Amino acid sequence: MAANNRSDHGSDENTRLYNPYQNYEVPINKSQYLYKLPTSPEFLFTEESLRQRRSWGENLTFYTGTAYLGGSVAGASVGVITGVKSFESGDTTKLKINRILNSSGQTGRTWGNRIGIIGLVYAGIESGVVAVTDRDDVWTSVVAGLGTGAVCRAARGVRSAAVAGALGGLAAGAVVAGKQIVKRYVPI
């Protein structure tokens, strides 16, 4: 792997030259220790290189974590507004701050837990659908949204589960379509 002659340094455009001693002041011939490292990720099996998707565990962690974080921030924002509305005349500054902190903490925690569970269910259903159908496309997300809405409202009856499932499928489809539009038209 070490490139000892200068003639083959530019022979492969998928590699880059690396000298492990470039930042050290050591008295060695630095051109002798150039290594060709790949510029693309390396995979142990070819099946891994064909799959451009997170694993089910990464998927579960990502969706649950982002849903919990988003729900906590939104709930804390609502809690701040609720805390400000609960001010009474004659409250000291310490009491006002206490009301805001208590309200935002309680509401943020509640919203974070509820929306985090929705993210958990969505990730589980999406990973299950991908495992069964062995494909990951827009319809996988829509089916996961349908299932999530139906599961989260199943205790309230069939009609409520059907409506929530339809809304969940529409929301998932809208998010995926919005993601595709942003990828296409927003230069990042």
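Positions are given from 1 along the sequence. Everything numeric in this text was worked out from a predicted model, so none of it was measured.
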*Carefully, step by step, assess I118 and C152 under the rule side chain to side chain contact (heavy atoms under 4.5 Å, CB included).*
CA-CA 7 Å; I118 292 172; C152 288; 3.9 Å; yes

*Would you say E126 and T140 make side-chain contact, with heavy atoms under 4.5 Å?*
yes

*asked:* To the closest 0.5 Å, what do you measure between OG1 (T64) and CG (L69)?
replied: 12.5 Å

*Can you tell me if Q106 uses its side chain to pair, donor with acceptor, with the backbone of S103 under 3.5 Å?*
no

*Residue among T93, I97, T92 satisfying side-chain contact (heavy atoms from CB on, under 4.5 Å) with L95*: T92

*D134 CG: over 12 foreign heavy atoms closer than 6.0 Å*: no

*Co-members of V176 in a cluster of I, L, V, M, F, W and Y side chains, linked at under 4.5 Å*: V138, W139, V142, L146

_Exercise: identify the closest heavy-atom pair between N59 and A123_ = O-CB, 3.8 Å

*Looking only at heavy atoms, what is the nearest atom pair of A67 and I115, with distance?*
CB-O, 3.3 Å

*Nearest 0.5 Å, what's the OG1-OH distance between T148 and Y63?*
10.5 Å

*For N113 and R109, indicate whether the former's side chain and the latter's backbone hold a donor-acceptor pair under 3.5 Å.*
yes

*For V129, the rest of its hydrophobic cluster, which grows through side-chain links under 4.5 angstrom*: W56, L60, I117, L120, V121, I125, V143, V151

_Closer than 3.5 angstrom, by distance alone: can the side chain of S127 be matched with the main-chain N or O of G124 as a donor-acceptor pair?_
no

_Non-hydrogen atoms of G145 and Y122 that approach each other most closely_ = N-CE1, 3.6 Å

*Verify, without hydrogens or angle tests, whether N102 (side chain) and R99 (backbone) share a donor-acceptor contact under 3.5 angstrom.*
no

Under 3.5 Å, sequence neighbours excluded: what are the donor-acceptor pairs made by side chains of residues 155-173?
none

*Contact check, side chains of W111 and V73, non-hydrogen atoms, under 4.5 Å*: no

